[in-house]
Amino acid sequence: MTQINETKPVETNASKASEKVVLRSSFALTMRRILKDPALLTAVVFIVILSLIAIFSPLVAYWTGHDPNAQFRETGMSPFGLPVGPNGEFLLGADQLGRDVLVRLAYGARISLAVGVLAAFASAVIGITIGMISGFFGGWVDVVLGRVMDLVMSVPFLLCALALVSVFGPSLTLSIGVIVFFSWTTMGRVIRAETASLTKREFIEASRSLGASPLSILLRDILPNLSVPIIVYTTMMIPSSIVFEATLSFLGLGITPPTASWGGMLADAGANSVYLVAWWLVVFPGLALLMSTLAFNILGDGLRDALDPKGRRIKPRKKKGNTLFGWLAKGKASEGGTHQ
């Protein structure tokens with residue numbers, strides 16, 4: 001009797017590796033990079049908490065029992081007329097008029113985030129529109145719009161703000177307008193360069209040969225390919241807008257008192273050198289401004305790394321072991337080979 005040996009197919013390493021390959025979409029890969037970045041996640045958590053505090057600032061006022069503009073001269077000020085520090089009633093202390101610093105910080109977050117987000121989006125819309133037109137058409141259109149950008153960037157920021165405030169008076173609308181006027185050029189230059197590069201690509205030439213209009217090419221072909229720089233630079237314009245608003249309020253050119261704003265709180269602390277006896281009037285608004293701008297900057301950097309991984313710097317891996325002894329061993333081996 002003959003025995004029949006049944007042979008089983010041998011699984012190779014290539015087949016095992018092919019079974020483990022999982023296809024992921026670009027969105028899944030981006031979310032995977034975001035979840036692996038602890039600094040980005042920390043910044044997102046801080047921004048979410050700050051946004052919730054700004055949205056529910058009336059609840060903060062209700063919880064403390066203090067209105068943002070109410071003056072508590074009996075409990076918020078000492079018998080010598082100085083503001084009281086952090087205590088059980090005023091968790092972050094009171095200012096020189098007996099107002100609760102915590103409540104005013106919460107309401108100031110509303111102003112800062114509203115101005116930052118609105119100004120950043122308005123600047124992005126203007127910069128994207130002018131940058132795409134300049135980069136797509138080129139020629140005299142590019143020259144004229146480029147000179148307009150140079151003109152805007154050459155105007156002194158504070159001088160223009162002083163002139164406008166002296167004519168129209170300080171207001172929230174004027175602050176947003178001034179910030180937008182001086183912020184859109186950064187986005188415009190970036191979008192102009194990206195659009196000029198995309199215009200020379202083959203798919204744009206194919207759309208032109210098929211009879212597509214310039215507006216159709218700009219909206220359907222070029223704009224989707226600009227999503228990464230638009231998201232990144234719009235995010236990074238938010239902290240700049242927050243700092244601009246704080247600067248205007250600090251100089252008395254922004255939000256009119258008694259409306260709470262972080263720059264205005266710092267200006268009040270600097271008046272009559274009150275901060276020398278009340279450190280909390282400078283520390284807490286300054287920390288809020290610092291942490292907010294830092295969080296948005298980290299968010300912009302993290303989104304840039306997640307959306308465009310090719311632009312990240314790849315650090316070379318260090319070899320394990322002592323490099324000195326490895327070099328000596330390599331030298332001895334080469335000497336032994338020459339003597340043979």
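Values reported hereafter were calculated over all heavy atoms of this structure, with side chains retained and with hydrogens, waters and symmetry mates removed.
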Would you compute the distance between atom [atom1] of [X] and atom [atom2] of [Y] and round it to the nearest 0.5 angstrom?
| X | Y | atom1 | atom2 | value |
| --- | --- | --- | --- | --- |
| Leu218 | Met132 | CG | CE | 4.5 Å |
| Asp221 | Leu198 | CG | CG | 9.5 Å |
| Ile217 | Thr199 | CD1 | OG1 | 9.0 Å |
| Met291 | Ile298 | CE | CD1 | 7.5 Å |
| Thr259 | Leu172 | OG1 | CG | 9.0 Å |
| Ile111 | Ser175 | CD1 | OG | 9.5 Å |

Checklist entry - When the ring planes of Phe244 and Phe157 are compared, do they come out parallel, tilted or perpendicular, using 30° and 60° as the limits? => result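 Plane angle under 30°, so parallel.
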Next on the checklist: Can you classify the ring geometry of His66 versus Phe72 as parallel (below 30°), tilted (30 to 60°) or perpendicular (above 60°)?
Outcome noted: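 The arrangement is tilted - the two ring planes meet at 30° to 60°.
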Got a donor-acceptor contact below 3.5 angstrom from the [X] side chain to the [Y] backbone?
| X | Y | value |
| --- | --- | --- |
| Thr235 | Ile231 | yes |
| Thr64 | Ala61 | yes |
| Ser216 | Ser213 | no |
| Thr293 | Leu290 | yes |
| Ser207 | Phe203 | yes |
| Asp37 | Arg33 | no |
| Ser227 | Pro224 | yes |
| Trp262 | Ala288 | no |

Evaluate the side-chain proximity of [Y] to [X]: yes if any heavy-atom separation is below 4.5 Å, no if none is.
| X | Y | result |
| --- | --- | --- |
| Arg73 | Leu97 | yes |
| Trp184 | Ile130 | yes |
| Ile128 | Leu226 | no |
| Met153 | Arg189 | yes |
| Phe284 | Leu105 | yes |
| Leu50 | Ser292 | yes |
| Glu202 | Glu205 | no |
| Trp63 | Leu102 | yes |

Checklist entry - Does Arg99 have any salt bridge (Lys or Arg N to Asp or Glu O under 4.0 Å) partners at least two apart in sequence or in another chain, and if so, which? => result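 Only Asp95, Asp268 meet the salt bridge (Lys or Arg N to Asp or Glu O under 4.0 Å) criterion with Arg99.
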Checklist entry - Going by atom types only, do Asn225 and Arg201 share a side-chain donor-acceptor pair under 3.5 Å? => result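 No, no side-chain donor-acceptor contact under 3.5 Å.
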When you group the ILVMFWY residues by side-chain heavy-atom contacts below 4.5 Å and let the links chain together, are [Y] and [X] in the same group?
| X | Y | value |
| --- | --- | --- |
| Val144 | Val152 | yes |
| Leu92 | Met77 | no |
| Phe136 | Leu219 | yes |
| Leu174 | Val155 | yes |
| Phe56 | Val45 | no |

Which atom pair, heavy atoms only, marks the closest approach of [X] to [Y]?
| X | Y | value |
| --- | --- | --- |
| Glu245 | Ser261 | OE2-CB, 3.8 Å |
| Val180 | Ser123 | CA-OG, 3.4 Å |
| Asp100 | Gly93 | OD1-O, 3.8 Å |
| Ile230 | Met187 | O-CE, 3.9 Å |
| Pro83 | Leu281 | CG-CD1, 4.5 Å |
| Ala54 | Leu113 | CB-CD1, 3.9 Å |

Flag yes if more than 12 heavy atoms outside [X] fall under 6.0 Å of its [atom1] atom; otherwise flag no.
| X | atom1 | result |
| --- | --- | --- |
| Phe46 | CZ | yes |
| Phe182 | CZ | yes |
| Tyr62 | OH | no |

Next on the checklist: As a quick check of understanding, evaluate side chain to side chain contact (heavy atoms under 4.5 Å, CB included) for Asp67 and Val103, giving each step before the final call.
Outcome noted: CA-CA 7 Å; Asp67 189 79; Val103 179; over 6 Å; no
Checklist entry - Can you check side chain to side chain contact (heavy atoms under 4.5 Å, CB included) on Glu89 and Val84, steps first, answer last? => result CA-CA 10 Å; Glu89 183 178 358; Val84 298; over 6 Å; no
Next on the checklist: Using the rule given for side chain to side chain contact (heavy atoms under 4.5 Å, CB included), can you reason through Thr195 versus Arg192, listing the C-alpha separation, both sets of side-chain angles and the distance that settles it, and then say yes or no?
Outcome noted: CA-CA 5 Å; Thr195 304; Arg192 182 259 170 201; 5.9 Å; no
